[in-house]
Amino acid sequence: MSFGTPLLLSSLDPLAVAGGADIPNAITIDGATLSRSDLLGAATSVAERVARAERVAVLAEPTVTTVLAIVGCLIAGVTVVPVPPDSGTAELAHILADSGAQAWLGKAPADSALPAIPVRVHARSWHTYPEPGSATTAFVLYTSGTTGLPKGVVLSRGAIAAGLDALADAWAWTANDTLVHGLPLFHVHGLVLGVLGPLRVGSPLVHTGKPTPQAYAAARGTLYFGVPTVWSRIVEDQDAAKQLADARLLVSGSAPLPVPVFERLRELTGHAPVERYGMSETMITLSTRADGERRPGWVGTPVRGVQTRLRDEAGADVAHDGESIGGLQVRGPMLFDGYLNRPEATAESWTDDGWFKTGDVAVIDAAGFHRIVGRESVDLIKSGGYRIGAGEVETVLLGHPDIAEVAVVGLPDPDLGQRVVAFVVLRGAAADSIEQDLIAYVAEQLSVHKRPREIRVVDSLPRNAMGKVQKKRLT
Ligand code: MLC
Ligand code: AMP
């Protein structure tokens, strides 16, 4: 292993495989298991096909093909744009145009104008490629902002390597672990931590498809990743939860873990979950530690290499006294390189002295423990761990002929944390099925997880004297 080096995936070095370090069950996904040497041989064959491209799109279904496409690109130094497999037409068109992806690698959506480079699951190559430099872009990950279309987060190999090594340190994650999760492969959590993490550490991965309580229980791993919705569904299924007692570490992140879920998980499994905090732009910057305190409602201390601070609205320092609230700013080696094609948005997200403004508000106590209090903007919604921009959903709904005005908010939800609710003012009488029609309309344009769960038809939206919608009054 090579912790501390900037060489992403150096533990996939063919010499290690030839030297007897093969792992028979390196990855299990979609019912198939690949050994490390199979994975390496097949991914190198992908690398040979794709090596002349600069940037390719991968329809990130949880399959062997997706894993091979991504690892092949990492070997060849080609940038991957992971695309949510359920992307609607508007979202897909934006991601392809903005990213400049030259081709699909693996499966392509129907009717796509881009060429597709096939991934041959059974092909093998043992060619060796020089390790691309750590400044090479590994991924452009699309993520929603408060307004406008999703922005492409440019993540380098060096940032990913630093981020993964810091987590291996915090969680005492080693080749003796078996990681289990069933998260999507187009975000930091499921893809970077959940696929590249085990490859770098050398621990087998079991991807469960959907992250159901039964699948988590059956997988018999040592290390489990989940968003809070996954954990809250697991504690509802006592039998499944009790089967996680043999695990080493249960890790929650991507959204706040409700304290009652933390407590119930501890009761049923005997494990206090590790909570960690991150963003697409920063990877994981805060975590409780395998060997440290786990405090319900708190996300722990900075991981290796990270510094944090709190600032008030005027930019002044906020005390680390466990009570004073401020905007959380971070810096460290796992941060992104900027938003693709968006120099202004990139500049706005950094302070003049080089700290990244997370947009989250937090408190820090005297021991350096952090609690995330919420977000600065009501327009970024977290539902089931997915980040959804209210503005993006509003823009789509305003394109529907029956809608005169719309405000999209995230209302508290016991299962999803927040659920997407659209308050709409109609232009006139509409069909009885208008609510279902509008939900389906959003799913056609964006990803299905961005659909409102509820549509509420209202006569008018609450506005202030300036005419701005007062979203806090929409409950
Ligand atoms: C959903 N459904 C709807 C609907 N929304 N039907 C009608 N209208 C709507 N608005 C349907 C679904 O299609 C599904 O149908 C069924 O209802 C259940 O949907 P669900 O409640 O959404 O459950 P599920 O599909 O199981 O999804 C829950 C979940 C998912 C937790 C599995 O939200 C998830 O995978 N979240 C992970 C997000 C994530 O990885 N975030 C990380 C970001 S990175 P059917 O027919 O399919 O059953 C990051 C950095 C960090 O944040 O810190 O990690
Ligand atoms: P994303 O870019 O999808 O990774 O979303 C990042 C956002 O998720 C952060 O800015 C936080 O608002 C939220 N988040 C991630 N992890 C946590 C956590 N452990 N607790 C609270 N919020 C979290």
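Remember, it's 1-based here, ligands and their atoms both numbered in the order they're listed.
Considering backbone and side-chain N/O of Ile284, none are found under 3.5 Å from N/O of ligand 1. Ligand 1 has no nitrogen or oxygen under 3.5 angstrom from a nitrogen or oxygen of Thr229. Residue Lys382 has at least one N or O atom closer than 3.5 Å to an N or O atom of ligand 1. The shortest N or O to N or O distance between Arg276 and ligand 1 is under 3.5 Å. Checked by distance only, ligand 2 and Thr358 stay at 3.5 Å or farther apart across all their nitrogen or oxygen atoms.
Heavy atoms of Pro211 found under 4.0 angstrom from ligand 1 belong exclusively to the side chain. Neither the backbone nor the side chain of Glu454 comes within 4.0 Å of ligand 1, counting heavy atoms alone. Residue-level proximity to ligand 2 for Ser252 is absent, since no heavy atom of it falls below 4.0 angstrom. Contacts with ligand 1 closer than 4.0 Å are made by side-chain heavy atoms of Arg233 only, the backbone lying farther away. Contacts with ligand 1 closer than 4.0 Å are made by no heavy atom of His449, backbone or side chain.
Aromatic ring orientation, Trp350 versus Phe336: parallel (interplanar angle below 30°, classes split at 30° and 60°).
Shown in contact with Ser280 at under 4.0 Å from a heavy atom are these atoms of ligand 2, numbered in order with element: 1 (P), 2 (O), 3 (O), 4 (O). Distances below 4.0 Å separate heavy atoms of Gly385 from the following atoms of ligand 1: 38 (C), 39 (C), 41 (N), 42 (C), 43 (C).
Comment: Arg295 engages Asp365 in a salt bridge, judged by a side-chain N to carboxylate O separation of less than 4.0 angstrom. Remark: Glu91 engages Lys450 in a salt bridge, criterion side-chain N to carboxylate O under 4.0 Å. Ion pairing of Glu281 with Arg342 is absent here, as no side-chain N (NZ or NE/NH1/NH2) approaches a carboxylate O to less than 4.0 Å.
For atom 16 (C) of ligand 1, the protein comes within 4.0 Å by no heavy atom at all. Shown here, atom 37 (C) of ligand 1 is in close reach of the protein: a heavy atom of it lies under 4.0 Å off.
Environment of NZ in Lys107: sparse, with no more than 12 heavy atoms of neighbouring residues, nucleotides or ligands closer than 6.0 Å.
For atom 2 (O) of ligand 2, the nearest protein heavy atom (residue, atom name, distance) is Arg387 NH1, 2.5 Å. At the top of the distance list for atom 47 (O) of ligand 1, counting protein heavy atoms only, stands Lys210 NZ, 3.8 Å. Nearest protein neighbour of atom 49 (C) of ligand 1, counting heavy atoms only, is Ser254 OG, 3.6 Å.
No side-chain N or O of Ser232 forms a donor-acceptor pair with one of Thr229 less than 3.5 Å apart.
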